[in-house]
Amino acid sequence: MFQAFLIKYGEIGVKGKNRYVFEDALVARMKQVLYHVDGTFQITKEQGRIYVEAEGAFDYEETVASLQRVFGIVGICPVVLVEDRGFEELSRDVMEYMHRMYEGVTKTFKVHTRRANKHYPMDSMEVNAELGGRILEQFPGLKVDVHAPDILLQIELRSHICIYSEVIPGPGGMPLGTNGRSMLLLSGGIDSPVAGYMVAKRGVYIDATYFHAPPYTSERAKEKVVDLAKKVARYTGPIRLHVVNFTDIQMYIYDRCPHDELTIIMRRYMMRIAQQIAEDTGCLALITGESIGQVASQTVPSLVATNDVCTLPVFRPLIAFDKEDIVSVAKKIDTYEISILPFEDCCTTFVAKHPVTKPQVERIRRSEQALSEKIEDMVKEALDTREVIQVR
Ligand code: ATP
Ligand code: MG
């Protein structure tokens, strides 16, 4: 029944003179996702509205599902688009629409007309009243409720006329690419994919760095991270995944530093390396899945000690989230089932029995001096030998 969709977008609407930048980014991203859907689509922008029209047959479910992954979209309305051929024709089209959508149902409704075409011969109140009356006559199950109707039948009078009553929720947020690019520290856990998703939702393109420690972490553990990146990329567009071999650095830290400080020192090196890659590849900030108090390395003093080596801003969107809330986002974006697969993490192999929970930055810096002999070269080696995987 539907050949077209009206796209509602929220916050972009208030961006003043820059509005077209946001709209263009939104349209560009919609084109990208629809490219992979069965069907041929036209996307048009007019008077603060974006329409998607399908030419001929198309996969309705897949179209809606794809648009539901486009940041910036607040609502997807399946619409019937008709030419303006006078009110009687419009009335026939509306009754036809109501028959197909609501035949035999018992519900309340309201008609809401927007008259963007200022030359339309009736005003919006007249259209509401006239159509409302005819619907009441033809549909015994429907009653009017102007305050909280079950069905809000919307009629937009423009150069063509748009009839709809359904709004399928979109993800919200801002269109991708309107806020530069950032580097996600992506592990195989539950949190970091969610963190990447959340920052991307604000319009930020994502690249990712994964620290791999063969043979302590297997090829399967790396595949798991690639699979997670693929899931996230459904929302964020292509992700360049940098896989850094971290084994030698970890071993060296293990040999030379106090074991209760291992995790913190390792995390400081992860940040340093990710930051270097970020700077080399045009990323403006780092993103992690850290959340206050979740583990010893995420107490506030531990976060302070880790952050000590960062010169780029670090976005930690989950900082005040409980695990439960993170899990519910992970389920929504379909990363959860992959995240809980049991593959070893590079940190678990070397983790101390009693890690510090109140590290002192000065002491950590002093402990790191034991690494000074070789660590620079090892970091350079890790950067130079990284593998870059294009995930889409
Ligand atoms: P996650 O569920 O995201 O793995 P976590 O609760 O296991 O997080 P940590 O292992 O302390 O927590 O890691 C905190 C953050 O550090 C992660 O969210 C991620 O951003 C980053 N991180 C941890 N391990 C790695 C890794 N091997 N490669 C890349 N980033 C990592
Ligand atoms: Mg982890």
Side-chain angles (χ1 to χ4, degrees), residues 182-200 206-214 216-218 220-226 228-229 231-232 239-247 249-250 253 262-278 283 285-303 305-307 309-310 312 314-319 321-327 329-331 333 335-352 355-357 359 382 386-387 389:
S182 290
M183 179 62 73
L184 169 66
L185 282 85
L186 180 63
S187 68
I190 295 171
D191 306 327
S192 45
V194 172
Y197 164 84
M198 287 184 63
V199 172
I206 299 290
D207 282 335
T209 300
Y210 166 58
F211 295 92
H212 185 41
Y216 303 99
T217 59
S218 64
R220 266 311 274 126
K222 179 175 119 186
E223 283 308 314
K224 176 181 169 183
V225 174
V226 173
L228 283 171
K231 288 285 185 192
V232 176
I239 295 175
R240 253 172 312 178
L241 174 65
H242 302 262
V243 179
V244 174
N245 188 326
F246 203 51
T247 314
I249 294 174
Q250 261 187 333
I253 298 171
L262 278 183
T263 310
I264 295 292
I265 295 174
M266 258 155 42
R267 297 199 46 71
R268 284 163 61 97
Y269 277 95
M270 283 188 184
M271 292 300 219
R272 287 179 171 112
I273 292 170
Q275 181 162 271
Q276 191 59 56
I277 301 173
C283 292
L286 300 179
I287 305 164
T288 74
E290 291 160 310
S291 166
I292 293 174
Q294 206 188 71
V295 286
S297 59
Q298 296 176 30
T299 62
V300 173
S302 295
L303 291 168
T306 305
N307 202 66
V309 301
C310 299
L312 290 183
V314 183
F315 299 147
R316 299 178 173 90
L318 308 181
I319 199 71
F321 272 46
D322 292 344
K323 196 76 186 186
E324 253 178 76
D325 304 328
I326 301 171
V327 164
V329 183
K331 286 183 175 164
I333 64 172
T335 53
Y336 182 74
E337 294 298 326
I338 299 174
S339 291
I340 59 175
L341 293 174
F343 297 109
E344 59 299 309
D345 185 330
C346 73
C347 302
T348 46
T349 321
F350 294 91
V351 84
V356 281
T357 53
R386 72 182 190 263
E387 179 192 0
I389 302 174

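Remember, it's a predicted structure, so these values are computed and weren't measured experimentally. Both counts, for ligands and for their atoms, begin at 1 and track the order of listing.
When only interatomic distances are considered, the shortest N/O to N/O separation between I190 and ligand 1 falls below 3.5 Å. Close N/O approach between T288 and ligand 1 is not found [any backbone or side-chain N/O within under 3.5 Å]. Considering backbone and side-chain N/O atoms, F211 comes within less than 3.5 Å of an N/O atom of ligand 1.
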**Study point:** Stepwise side chain to side chain donor-acceptor pair (under 3.5 Å) check, H212 with T217
**Key:** CA-CA 7 Å; H212 185 41; T217 59; 3.2 Å; yes

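When non-hydrogen atoms are compared, ligand 1 lies under 4.0 Å from the backbone of S192 as well as from its side chain. Of the heavy atoms in T263, none comes closer than 4.0 Å to ligand 1.
A donor and an acceptor atom, one from each side chain of S192 and S187, are located under 3.5 Å apart.
Under the salt bridge (Lys or Arg N to Asp or Glu O under 4.0 Å) criterion, the residue pairs touching residues 189-199 are D191-K323, with sequence neighbours excluded.
Here atom 11 (O) of ligand 1 lies nearest to Q298 when heavy atoms of R316, Q294, K323, Q298 are compared. Atom 21 (C) of ligand 1 has its nearest heavy-atom neighbour, among R267, H242, M266, E290, in R267.
Heavy atoms of H212 come nearer than 4.0 angstrom to ligand 1 in no pair at all.
Applying the ring pair (Phe, Tyr, Trp, His ring centres under 6.0 Å) criterion to Y197, with sequence neighbours excluded, gives F71, Y235.
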